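Computation of the quantities below employed the complete heavy-atom set of this structure, encompassing side-chain atoms and omitting hydrogens, waters and symmetry-equivalent molecules. None of the values given here were measured: they were computed from a predicted structure.
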Amino acid sequence: MMRNILVQADKDAGMAMRMESALAIGRRFGAHLSFLISSPYQQFIAADPFGGLYLAKEQLAQAQLADLEIEKRLSAELAREDVPWDVAVADGDALSTMTLAATLSDLAIVSLGARDRRGHRVPTIAADLALTVPVPVLALPPERGPFDFDAPMMVAWNGSPQAANALRAGVSLMGDARNVVLVTVGDDEGRVPAENALRYMSRYGVHGELRRETKSTGTAEEVLERVAAEISPGLIVMGAFGRPRLRETLFGGVTRYLIEAAPAPLLLAH
């Protein structure tokens, strides 16, 4: 169960979607929402030409004031809601503070970057966070609406421990989905067959459809992107992979590709 939900708090374009999604998930599971404002105050300590250190007091004061304004605004908005919550400010960059705070969380919610002129997403902490923390990461495209429990959902399956971790984390979100499609690409399914994954889902009342795709029409990530375009999922559940040690596995390059393309919210687990 997701009883402790961590949400990255900032004044960026994706904040409204993170908040609305966190509220929807929090109500569903009776969860406590923790909003974390990350402020790397050490950046205001600088060295002078003579080897000494000095504090940029004016810039620091402005940053602290901006954080206070975010905290006040969030608190005022959350005070009208029907879920327990808290807002905290942590000293450090977003990745390090979210990583530490996620240690005792059940889900971390962040945003994917906005698209640039070429259609690629600006990098955020989503990929690195998913590879660092022991909990699932829900990465939301800022241009979409809040998380929708009723939307179709897609599971990228390759039989790996990472894919299994993602499925275990995501199955609780799938109960009301209009349909759930488990997608495999190519012949290599890893150690755990797709049928076992479907059986696991069914014991939670989630009766998914298996869709086997070949690589004849493109790379694994391109195939998954095409299937997602056909299904229009409200969530894609997938394992998060870093750089492979010896050779690229089936989904070795998919994590970053789909984070950059991101046709839907991603639930990532490592």
Should [X] and [Y] count as side-chain neighbours, where that means a heavy-atom distance under 4.5 Å?
| X | Y | value |
| --- | --- | --- |
| Val83 | Phe29 | no |
| Trp157 | Val192 | yes |
| Phe35 | Ser75 | no |
| Leu267 | Met174 | no |
| Leu33 | Met19 | no |

TODO: Output every pair passing salt bridge (Lys or Arg N to Asp or Glu O under 4.0 Å) with a member in residues 1-13, not counting sequence neighbours, ordered by first then second residue.
DONE: Asp12-Arg18
Task: Worked check of side chain to side chain contact (heavy atoms under 4.5 Å, CB included) between Phe147 and Ile109 - done: CA-CA 11 Å; Phe147 182 79; Ile109 300 179; over 6 Å; no
Exercise: identify the closest heavy-atom pair between [X] and [Y]:
| X | Y | result |
| --- | --- | --- |
| Leu268 | Ala126 | CD1-O, 4.5 Å |
| Gly145 | Met17 | C-SD, 3.3 Å |
| Glu225 | Ala261 | OE2-CB, 3.5 Å |

Open item on the list: Check this for me: does any side-chain nitrogen of one of Glu69 and Arg73 sit under 4.0 Å from a carboxylate oxygen of the other?
Closed with: no
Task: Heavy atoms from other residues, nucleotides or ligands near CG of Leu65 exceed 12 (cutoff 6.0 Å) - done: yes
- [ ] Evaluate side chain to side chain contact (heavy atoms under 4.5 Å, CB included) for Ile25 paired with Phe149, printing each intermediate quantity in order.
- [x] CA-CA 9 Å; Ile25 297 171; Phe149 283 95; 3.9 Å; yes
Open item on the list: Under a 3.5 Å distance rule, please check whether His270 uses its side chain to pair with a backbone N or O of Ala240 as donor and acceptor.
Closed with: yes
Open item on the list: Set out, in order, the CA-CA distance, both residues' side-chain angles and the distance that settles salt bridge (charged side-chain N to carboxylate O under 4.0 Å, His left out) for Glu209 and Arg178, then state yes or no.
Closed with: CA-CA 11 Å; Glu209 164 196 346; Arg178 288 198 293 275; over 6 Å; no
Open item on the list: To the nearest 0.5 Å, what is the distance between CG on Asn4 and OG1 on Thr103?
Closed with: 12.0 Å
Open item on the list: The criterion is side chain to side chain contact (heavy atoms under 4.5 Å, CB included); which residues satisfy it with Arg226, sequence neighbours excluded?
Closed with: Arg211, Glu213, Thr217, Val223, Glu230
TODO: For Ser34, check side chain to side chain contact (heavy atoms under 4.5 Å, CB included) against everything at least two apart and list the hits.
DONE: Leu6, His32, Asp86
TODO: Would you list the pairs meeting ring-ring contact (aromatic ring centres under 6.0 Å, His included) in which at least one residue belongs to residues 58-77, sequence neighbours left out?
DONE: none
Open item on the list: With side chain to side chain contact (heavy atoms under 4.5 Å, CB included) as the criterion, how do Met98 and Thr132 come out once you've worked through the C-alpha distance, each side chain's angles and the decisive distance to 0.1 Å?
Closed with: CA-CA 10 Å; Met98 287 287 290; Thr132 304; over 6 Å; no
Task: Residues forming a salt bridge (charged side-chain N to carboxylate O under 4.0 Å, His left out) with Asp128, sequence neighbours excluded - done: Arg256
Return all side-chain donor-acceptor pairs below 3.5 angstrom for residues 133-144, not counting sequence neighbours, or 'none' if the list is empty.
residue: Glu143; atom: OE1; partner: Arg121; partner atom: NH1; Å: 3.2
residue: Glu143; atom: OE2; partner: Arg121; partner atom: NH2; Å: 2.4
residue: Arg144; atom: NH1; partner: Pro263; partner atom: O; Å: 3.0
residue: Arg144; atom: NH2; partner: Pro233; partner atom: O; Å: 3.4

